[in-house]
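Below: one structure, written as structure tokens.
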Amino acid sequence: MLSIRDLHVNYGGTRAVDGIDLDVASGQTVLLIGANGAGKSSLINAVIGLVKSGKGEIRFDGKDLGKLSSDARARHGIGYAPEGRRVFASMSVKDNVLSGASQLSVRQQAHAWDRLVSSFPFLSERQSQPAGELSGGQQQMVAIARAMSGAPKLLLLDEPFLGLAPVWIQQISAAVRRMREDGIAVLMTEQMARPALKIADYGHVMRSGQIRRSGTSGEIRGAALAEEYL
């Protein structure tokens, strides 16, 4: 599904991602763990096309993404929920969610909304409310639902647990598990290793733009928890 080879990303004179290889298969949840500045978000931004890679190859569903714009990558089936939620505060919850499905027909959007409401019932309860009035956890769920509304094959989640209470972490974790059951590939970044390891199939511990340890969640648990407290 997603294949990254020898990826390098530079910001000015600083190398944020330094020669990373990574794969995510259909229906697989892969976790990037590391402290701030480890290069996690830079890697995600390179996949979605928000930053240019200095070297390396990113392929999705067999297609080289190198020359595609961010919106073209989205049309190919890549969804993205950024760090910090970033909902449209004055827009209703429903309009926020369906803004991620603008390329779909009205009928397809209605189907997408019904499907998401079945997973996140609070969306229906708050559909007319401005998203800026929601709690942080609710806004994060809206951001994830927005990324899912276009029926992506690959979903990128950047720090989905950041600043959230345990109840919302549990609900987002349940949503990620449902995505895996639906065959959606998920690549997520997290500093909070403990809850993230419970939902990931495979993980990579990042530091200074490099992957320092890889393996199943069980295999990297010790290294990931140590990284969480560095």
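Predicted model, so just to flag it, every value in this text is computed and none were measured. Because only heavy atoms are used, hydrogens play no part in the values below, and waters and symmetry mates are left out as well, while side chains stay in.
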State which residues pass side chain to side chain contact (heavy atoms under 4.5 Å, CB included) with [X]; sequence neighbours excluded, sorted by chain then number.
| X | value |
| --- | --- |
| Ala101 | Leu104, Gln109, Ser149 |
| Ala147 | Ala81, Leu155 |
| Thr189 | Leu32, Lys40, Ile44, Asp158, Glu159 |
| Ser118 | none |

Expected list for residues 178-185: side-chain donor-acceptor pairs under 3.5 angstrom, two or more places apart:
| residue | atom | partner | partner atom | Å |
| --- | --- | --- | --- | --- |
| Arg178 | NH2 | Ser119 | O | 3.1 |
| Arg180 | NH1 | Ile199 | O | 3.0 |
| Arg180 | NH1 | Asp201 | OD1 | 3.1 |

Inter-residue atom distance [X].[atom1] - [Y].[atom2], 0.5 Å rounding:
| X | Y | atom1 | atom2 | result |
| --- | --- | --- | --- | --- |
| Leu156 | Arg73 | CG | CZ | 10.5 Å |
| Lys94 | Leu123 | NZ | CG | 10.5 Å |
| Ile58 | Leu68 | CD1 | CG | 10.5 Å |
| Gln171 | Trp168 | CD | CH2 | 5.0 Å |
| Ser26 | Lys153 | OG | NZ | 8.5 Å |
| Leu157 | Leu162 | CG | CG | 13.0 Å |

Q: Can you tell me which residue pairs pass the ring pair (Phe, Tyr, Trp, His ring centres under 6.0 Å) test with a partner in residues 175-222, sequence neighbours excluded?
A: Tyr202-His204
Q: Could you list all the ring pair (Phe, Tyr, Trp, His ring centres under 6.0 Å) pairs where at least one residue sits in residues 6-29, not counting sequence neighbours?
A: none
Please report the shortest heavy-atom distance between [X] and [Y], naming the atom on each side.
| X | Y | value |
| --- | --- | --- |
| Ala16 | Ser42 | CB-OG, 3.5 Å |
| Ile144 | Pro160 | CD1-CB, 4.5 Å |
| Ser99 | Arg146 | OG-CD, 3.3 Å |
| Pro152 | Ile78 | CB-C, 4.2 Å |
| Met141 | Ile172 | SD-CG1, 3.2 Å |
| Leu7 | Ser53 | CD1-CB, 3.4 Å |

Q. Without hydrogens or angle criteria, can the side chains of Gln108 and Ser105 be said to hold a donor-acceptor pair below 3.5 Å?
A. yes
Taking [X] for its side chain and [Y] for its backbone only, find out whether a donor-acceptor pair lies under 3.5 Å.
| X | Y | value |
| --- | --- | --- |
| Ser69 | Ala72 | yes |
| Asn96 | Phe88 | yes |
| Ser124 | Pro121 | no |

Q: State whether Arg207 and Asp18 are salt-bridged, where the test is any N-O pair (Lys NZ or Arg NE/NH1/NH2 against Asp/Glu carboxylate O) under 4.0 Å.
A: no
Q.
Do the side chains of Arg59 and Glu57 get close enough for a salt bridge, i.e. N-O under 4.0 angstrom?
A. yes
Heavy-atom side-chain contact between [X] and [Y] under 4.5 Å:
| X | Y | result |
| --- | --- | --- |
| Ser173 | Ile169 | yes |
| Leu31 | Glu190 | yes |
| Ile33 | Met206 | no |
| Val186 | Gln28 | no |
| Gln191 | Phe161 | no |
| Leu187 | Leu2 | yes |
| Val205 | Ile211 | no |
| Ile4 | Asp21 | no |

My understanding is that only residues two or more places apart in sequence, or in another chain, count here; which of them pass side-chain hydrogen bond (donor to acceptor under 3.5 Å, both in side chains) with [X]?
| X | result |
| --- | --- |
| Thr14 | none |
| Ser102 | none |
| Glu133 | Gln129 |
| Ser70 | none |

**Q.** same_hphob_cluster(Met91, Val142) at 4.5 Å side-chain heavy-atom cutoff
**A.** no
Q: Using the side-chain contact (heavy atoms from CB on, under 4.5 Å) rule, take Ile220 and Leu197 through it: C-alpha gap first, then chi angles, then the decisive distance, then the call.
A: CA-CA 9 Å; Ile220 68 164; Leu197 286 168; 4.2 Å; yes
Q: Take Ile20 and Gln210 through the side-chain contact (heavy atoms from CB on, under 4.5 Å) test and state the conclusion after the steps.
A: CA-CA 6 Å; Ile20 281 181; Gln210 297 179 333; 5.6 Å; no
Q: Apply the test side-chain contact (heavy atoms from CB on, under 4.5 Å) to residues Asp61 and His76: give CA-CA distance (whole Å), side-chain angles for both, the deciding distance (0.1 Å), then the verdict.
A: CA-CA 9 Å; Asp61 230 4; His76 277 284; over 6 Å; no
**Q.** Nonpolar side-chain network containing Val106, other nodes, edges under 4.5 Å
**A.** none
Q: Please confirm whether Arg115 makes a cation-pi placement over Phe120, using NZ or CZ under 6.0 Å from the six-membered ring centre and within 45° of the ring normal.
A: no
Q | Test log, rule side-chain contact (heavy atoms from CB on, under 4.5 Å), inputs Asn45 and Tyr80 | A | CA-CA 9 Å; Asn45 288 339; Tyr80 171 54; 3.5 Å; yes
